[in-house]
Student: 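Have a look at this one before I ask anything.
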Amino acid sequence: MFAGDQKGLQDDPRLKAISEAIRVVPHFPKPGIMFQDITTLLLNHKAFKDTVDIFVDRYREMGISVVAGVEARGFMFGPSIALAIGAKFVPLRKPRKLPGEVISEAYVLEYGTDCLEIHVGAVQPGERALIIDDLVATGGTLSAAIRLLERVGAQVVECACVVGLRDVKGQHRLNGKPLYILVEPRQQTNYSAPSVNGVETCRHDDVYLSAT
């Protein structure tokens, strides 16, 4: 579901501002890719706040006790949402990043595999969970996050992303879980901010968006 299709959010100017705050970097990290850079959204205080506020308005009354953020960009939005709705934030991390006992869930990428991990005891059986990430295209990472949370007994209420395709490739992977997206990927940008050094490399499975 797109936020713009939701009652009360049709033609909401906040969604347009959020979309325009996301810089598009052509041909990064390889030719044909239109990279959706949300670091510029974070530089825009109002657009960043509006992003969090829209998510908070949606989830405040859903009885969610866990906001699970997918490494790494889910960490940028998840904690603020969790604080506002009275939930705890649980990071879903890549291998060897969490210091305690963990449960792992591997998933397949285009050229290999990756893994998400969660601390044992971070989520209790029966807790209602929201999974948050910055972008979804194929759903591979979100599906791994769903499986991981369900293995520890959580009830995944919904997955939420800032950017996503209207027809998400591989949405069947989400095992019937609802998916809530704020804006569609953009193909070009007029953003004039200076380039950001040290931009983090994207995940192969769901952050690369083709220009074609």
Side-chain angles (χ1 to χ4, degrees), residues 29 35-39 42 51-52 55 59 62-164 168-181 198-209:
F35 181 78
Q36 309 290 308
D37 180 16
I38 57 92
T39 64
L42 304 177
T51 300
V52 173
F55 284 132
Y59 298 115
M62 287 194 181
I64 290 168
S65 58
V66 176
V67 176
V70 178
E71 185 171 346
R73 296 172 185 87
F75 299 175
M76 298 174 180
F77 304 97
S80 297
I81 297 168
L83 284 172
I85 67 174
K88 61 185 176 183
F89 176 74
V90 174
L92 305 182
R93 302 218 62 183
K94 296 301 177 68
R96 298 175 298 280
K97 297 292 184 67
L98 293 173
E101 184 181 0
V102 299
I103 297 174
S104 303
E105 181 68 36
Y107 58 104
V108 177
L109 305 174
E110 185 178 0
Y111 300 108
T113 61
D114 210 334
C115 182
L116 289 176
E117 296 183 340
I118 188 173
H119 267 141
V120 172
V123 177
Q124 302 304 312
E127 288 199 272
R128 290 169 58 83
L130 166 69
I131 298 171
I132 183 79
D133 205 354
D134 69 323
L135 187 149
V136 58
T138 70
T141 303
L142 289 181
S143 64
I146 291 169
R147 294 195 302 271
L148 187 57
L149 286 165
E150 289 184 335
R151 283 176 57 194
V152 298
Q155 177 188 349
V156 177
V157 176
E158 191 160 270
C159 299
C161 294
V162 179
V163 185
V168 173
K169 302 171 186 176
Q171 190 166 358
H172 63 279
R173 290 176 162 186
L174 303 185
N175 196 27
K177 302 301 179 184
L179 175 61
Y180 186 69
I181 298 169
V199 176
E200 182 184 346
T201 301
C202 304
R203 287 193 304 267
H204 288 281
D205 66 322
D206 66 358
V207 183
Y208 296 168
L209 294 178

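Just so we're clear, the structure is a prediction, and the values are computed from it rather than from any experiment.
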Student: To the closest 0.5 Å, what do you measure between CG (Asp37) and CZ (Arg73)?
Tutor: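 It is 8.0 Å, given to the nearest 0.5 Å.
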
Student: Can you list every salt bridge (charged side-chain N to carboxylate O under 4.0 Å, His left out) pair that touches residues 78-91, not counting sequence neighbours?
Tutor: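 For residues 78-91, and leaving out neighbouring residues, the salt bridge (charged side-chain N to carboxylate O under 4.0 Å, His left out) pairs sorted by first residue read Lys88-Glu127.
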
Student: Taking the side chain as everything from C-beta on, heavy atoms only, tell me whether Val67 gets closer than 4.5 Å to Ile132.
Tutor: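 Yes, side chains in contact.
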
Student: Specify the closest pair of heavy atoms between Val157 and Met62, including all atoms of both residues, with the distance to one decimal.
Tutor: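 Shortest heavy-atom contact: CG1-SD, 4.1 Å.
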
Student: A side-chain contact here means heavy atoms from C-beta on lying under 4.5 Å apart; do Val70 and Ile131 qualify?
Tutor: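 Sidechains of Ile131 and Val70: in contact.
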
Student: When rounded to the nearest 0.5 angstrom, what is the spacing between OG1 in Thr141 and CG in Asp114?
Tutor: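 If we round to the nearest 0.5 Å, Thr141:OG1 and Asp114:CG are 7.5 Å apart.
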
Student: Enumerate the salt bridge (charged side-chain N to carboxylate O under 4.0 Å, His left out) contacts for residues 153-162, please, sequence neighbours excluded, ordered by first and then second residue.
Tutor: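 Sorted pair list: Arg58-Glu158.
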
Student: Supply the atom-to-atom distance Cys161 SG to Asp134 CG, rounded to the nearest 0.5 angstrom.
Tutor: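 Result: 7.0 Å between the selected atoms.
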
Student: Are Leu142 and Leu179 side-chain neighbours, meaning at least one heavy-atom pair lies under 4.5 Å?
Tutor: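 Result yes, sub-4.5 Å side-chain heavy-atom pair found.
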
Student: Glu117 and Leu148: which non-hydrogen atoms are nearest, and at how many Å?
Tutor: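 Nearest pair, atom of Glu117 first, then Leu148: C-CD2, 3.9 Å.
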
Student: Arg128 versus Tyr59: any side-chain heavy-atom pair under 4.5 Å?
Tutor: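 Not touching, per the 4.5 Å side-chain cut-off.
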
Student: Between Ile118 and Val102, is a side-chain contact (heavy atoms from CB on, under 4.5 Å) present by the stated rule, with each step listed?
Tutor: CA-CA 5 Å; Ile118 188 173; Val102 299; over 6 Å; no

Student: Enter the distance from Phe55:CZ to Leu130:CG here, rounded to the nearest 0.5 Å.
Tutor: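 Between Phe55 CZ and Leu130 CG, I get 8.0 Å after rounding to 0.5 Å.
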
Student: Quick check: closest heavy atoms across Cys115 and Lys94, and the distance to 0.1 Å?
Tutor: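 Scanning both residues completely, I find the closest heavy atoms to be O-CD, 3.4 Å.
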
Student: Quick one: does Leu116's side chain get under 4.5 Å of Ser104's, heavy atoms only?
Tutor: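 The answer is no, as the side chains (C-beta and beyond) never meet within the 4.5 Å cut-off.
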
Student: Using a 3.5 Å distance criterion without hydrogens, assess whether the side chain of His119 forms a donor-acceptor pair with backbone atoms of Leu98.
Tutor: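 No: the side chain of His119 does not pair with the backbone of Leu98.
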
Student: Do you know the tightest heavy-atom contact between Phe89 and Ala68?
Tutor: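 Heavy atoms of Phe89 and Ala68 come nearest at CE1-C, 4.4 Å.
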
Student: Any pair with a residue in residues 143-154 that passes salt bridge (charged side-chain N to carboxylate O under 4.0 Å, His left out), sequence neighbours left out, goes on the list, sorted by first then second residue, please.
Tutor: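 Applying salt bridge (charged side-chain N to carboxylate O under 4.0 Å, His left out) to every pair that reaches into residues 143-154, excluding sequence neighbours, yields Glu105-Arg147, Glu105-Arg151, Glu150-Lys177.
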
Student: Please report the interatomic distance CG(Leu174) to SG(Cys159), rounded to the nearest 0.5 Å.
Tutor: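 Leu174 CG to Cys159 SG: 5.5 Å, rounded to 0.5 Å.
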
Student: Determine whether a donor-acceptor pair (N or O, by modelled atom type, separation under 3.5 Å) exists between the side chain of Ser143 and the backbone of Gly140.
Tutor: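 Confirmed, Ser143 side chain pairs with Gly140 backbone.
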
Student: Working to the nearest 0.5 angstrom, can you tell me the gap between Ile181 CD1 and Asp133 CG?
Tutor: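 Rounded to the nearest 0.5 Å, the CD1-CG separation comes out at 11.0 Å.
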
Student: Would you say Thr113 and Tyr107 make side-chain contact, with heavy atoms under 4.5 Å?
Tutor: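 Side-chain contact under 4.5 Å: no.
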
